[in-house]
Amino acid sequence: MPEARQNRTAAFSSQSFCNACQTQTLYFRGIRPDDVNGNEPLPNPERGLRLEHMMQASTLMNPFSGLYYKNNMPAILETHEKTYNEKTKLTQVYFYLTDYLGTKIPGNAFSNMQSVFDQLKTSGYKVILLFAYRYNDRIRYESYNDIQRHLTQLKSFLQKNEPLIFAFQAGFLGLWGEWHHSGLDNLDLDKKLVIRDLLNAFPPGRKMQVRETIYKTNAAGYIRQTANSPVLYYPLTPEEYNRIGFQNAYFVLDQGPYALWDYRYGDDDYKLVEKEAISSIVDGEMPYDGRDPYAFNMIALGNSGGLQAIKRMQAHAHSSFSVVHNYATNIAAWKKQFYSIGQFRQQHIAISPDYFLDQQGQEITRSAYDYIRDHLGYRFQATEATIPSSVNRGDSANFTLQLKNFGFAPLINSRQVYFVLIDEQDNIREILTPADPTSWMPVAMAGEKLYTINQSILFDESFNPGKYRVGVWMPDCSSELKYDPRYAIYLANGNMEWWQDAGNKYLINIIGSFQVN
């Protein structure tokens, strides 16, 4: 976690004093690599490079490695963070329901799965959640009745754990939940119904990812038993349609014949994701390292592989990406591929100039890996704030903060934004603003658009005279996680203090200070 920046250089302030306003305007810059912790990732929630963990719901044993997750999740997460040399706050979790084909999920399986969520919470993680049955070809096929029965059982469990769930993957069908080699392979109607059933079972505040775009488009319209039979489902509303995003499980840059499962350049899949990603959600992973033609590697593109990956992730508004898959080959190559700000501009990639400058304003190069790590999902960077320099009790004052989103994607899940006032004894007042941070679009989609948080505050007699700090606080919207600072958002500014209170409830981006008279 980045250290609180109490001792960092203050934001530049130009003050304008007058009887009517007595305001100050403060300017902020982005994080530069030679700032304190400037090369460290911001540990922001619901975005970024992710881990992957698979386990049987019956035993919490990984069916491939034998890794045992019972009462061991925090230690495993810590080990994997060290293995991949990465500070993550997101992991994909597979729960295999293999033992419950043809029957109900028993109470002990729910207890096992709940224990995993409880352990993830102690580690400050959120999950991309996936259920599946078949982890090898010897396991019998699932049926539509299995899925219906289990979704009915799972609904209350999913609602309970919604705060820790970033998103869902469709899952359930086929090998590894990937919708191939499934008992429903030739049952197109049932596959359409599964998509609708998943939307109904999953909490409406969370989005779902499908691996092939056709699964979304096929399920979106009228669904009938036959062409002339009564309607089973009406077309999805725009809100329901946008709940369905994409999981590119075969992200490769060699766009030849073996890339059939990728969203290839120029294909309808690519165009659809490019069009819809900004209003839905996108995750990705590469094939594992290997020698067979289906595990080919991007390093064949030489030093341009990382830059091409960045272009695709920005075009498809990736919120997350696996750090596990192909780590030793392609991701290792991305760490060695360095690019200049000029190369990014030549490729028309939207950037924050500060990312390529040191504190003396000299241009430097950055690795493809660092850029991907830092720009997956949202990256909110404040540019300017206007606050009072002093205010009298009984008067109102206006507070504004302008920012841009330099990430690949918007913020996916709902979140509230507060101005927070901190007095000299560190007492805190929360002032909820009307800002909706899910509307702050990436600069790649919205140009250089600025977004403004604006709030008028009345300083009544309950305010003691003295000096106050003011900051922006963006906590999780759930009551369960609201006062856990690990789930609050850091602004990506190099001359801004990230303040945490002694009670470990707040992570506040400090804008400046003012006097109450």
Side-chain angles (χ1 to χ4, degrees), residues 3-28 380-403 414-437 440 450-479 481-491 493 495-517:
E3 299 171 358
R5 297 188 173 185
Q6 282 89 345
N7 297 319
R8 300 198 59 180
T9 304
F12 175 76
S13 170
S14 72
Q15 299 186 9
S16 60
F17 296 94
C18 67
N19 293 331
C21 54
Q22 290 190 319
T23 62
Q24 54 181 320
T25 302
L26 304 112
Y27 300 96
F28 304 96
F380 300 144
Q381 181 177 316
T383 60
E384 180 179 320
T386 303
I387 66 174
S389 55
S390 65
V391 60
N392 296 325
R393 288 198 299 177
D395 290 343
S396 295
N398 201 51
F399 294 77
T400 65
L401 178 70
Q402 292 185 324
L403 51 78
S414 297
R415 189 170 286 255
Q416 294 177 323
V417 180
Y418 294 81
F419 276 121
V420 173
L421 305 182
I422 309 166
D423 70 15
E424 293 174 285
Q425 288 73 46
D426 287 347
N427 298 310
I428 294 170
R429 291 183 186 240
E430 305 169 8
I431 297 97
L432 179 63
T433 77
D436 175 12
W440 300 342
L450 285 165
Y451 297 95
T452 302
I453 307 167
N454 190 20
Q455 185 68 34
S456 178
I457 300 174
L458 172 63
F459 289 84
D460 58 25
E461 294 301 314
S462 67
F463 283 84
N464 292 322
K467 185 177 181 180
Y468 286 75
R469 286 167 290 172
V470 58
V472 169
W473 178 46
M474 288 185 279
D476 196 271
C477 65
S478 72
S479 58
L481 301 178
K482 180 175 180 178
Y483 292 103
D484 187 334
R486 296 172 303 178
Y487 293 99
I489 290 177
Y490 291 81
L491 294 179
N493 290 97
N495 56 342
M496 180 179 288
E497 176 190 346
W498 299 318
W499 183 84
Q500 293 193 29
D501 63 308
N504 199 33
K505 295 172 60 179
Y506 295 88
L507 180 281
I508 298 170
N509 303 276
I510 299 296
I511 297 170
S513 61
F514 64 98
Q515 185 75 24
V516 174
N517 303 315

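Here the structure is a predicted model, which means the values were calculated and not measured. Numbering of residues begins at 1 and proceeds along the displayed sequence.
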For the pair Arg415 (side chain) and Met474 (backbone), establish whether a donor and an acceptor sit closer than 3.5 Å, ignoring hydrogens and angles. yes
Using the rule given for side chain to side chain contact (heavy atoms under 4.5 Å, CB included), can you reason through Asn509 versus Phe28, listing the C-alpha separation, both sets of side-chain angles and the distance that settles it, and then say yes or no? CA-CA 12 Å; Asn509 303 276; Phe28 304 96; over 6 Å; no
Heavy-atom check, side chain of Lys482 versus side chain of Trp473, under 4.5 Å: yes
Are Phe514 and Phe399 an aromatic pair by the rule of ring centers under 6.0 Å? yes
Evaluation steps, side chain to side chain contact (heavy atoms under 4.5 Å, CB included), between Asp501 and Asp426: CA-CA 8 Å; Asp501 63 308; Asp426 287 347; over 6 Å; no
Here the gap from Gln24 atom CD to Ser513 atom OG, rounded to the nearest 0.5 Å, amounts to 6.5 Å
Which atom names give the shortest non-hydrogen contact between Pro475 and Gln416, and what distance separates them? CD-O, 3.7 Å
Quick one: which of Tyr483, Trp498, Trp499 gives a ring-ring contact (aromatic ring centres under 6.0 Å, His included) with Tyr506? Tyr483
Out of curiosity, Thr23 OG1 to Asn398 CG, how far, rounded to the nearest 0.5 Å? 10.0 Å
Would you give the length of the straight line joining atom CG of Asn517 to atom CD of Gln22, rounded to the nearest 0.5 angstrom? 7.5 Å
So, Gln402 side chain and Tyr451 main chain: donor-acceptor pair closer than 3.5 Å or not? no
Among Asn427, Ile428, Ile422, which residue satisfies the side-chain contact (heavy atoms from CB on, under 4.5 Å) criterion with Gln425? Asn427
Thr25 vs Glu384 side-chain heavy atoms within contact, under 4.5 Å: yes
When rounded to the nearest 0.5 angstrom, what is the spacing between CD1 in Ile511 and CG in Asn493? 10.0 Å
Taking all atoms of both residues into account, what is the closest heavy-atom pair of Phe380 and Pro437, and its distance? CZ-O, 3.9 Å
Nearest heavy-atom approach of Leu401 to Leu491 is CD2-CD1, 4.1 Å
Nearest heavy-atom approach of Leu403 to Ile453 is CD2-CD1, 4.1 Å
So, does Asn454 use its side chain to make a donor-acceptor pair with the main chain of Pro434 at under 3.5 Å? no
Please report the closest heavy-atom contact between Arg393 and Glu461, naming both atoms and the distance. NH1-O, 3.3 Å
Where the side chain of Thr386 meets the backbone of Thr400, is there a donor-acceptor pair that is under 3.5 Å apart? no
Cation-pi geometry met for Arg429 and Tyr468 (6.0 Å, 45°): no
Distance col, row Ile508:CD1 vs Gln500:CD, nearest 0.5 angstrom, shows 9.5 Å
Pair Tyr418-Val472, side chain to side chain contact (heavy atoms under 4.5 Å, CB included): steps then yes or no: CA-CA 6 Å; Tyr418 294 81; Val472 169; over 6 Å; no
Does the side-chain hydrogen bond (donor to acceptor under 3.5 Å, both in side chains) test come out yes or no for Gln455 and Thr433, once each step is laid out? CA-CA 6 Å; Gln455 185 68 34; Thr433 77; 5.3 Å; no
Quick one: does Asp476's side chain have a donor or acceptor within less than 3.5 Å of a partner on Tyr487's backbone? no
Minimum heavy-atom distance Ala397-Phe459, with the two atoms named: CB-CE1, 4.0 Å
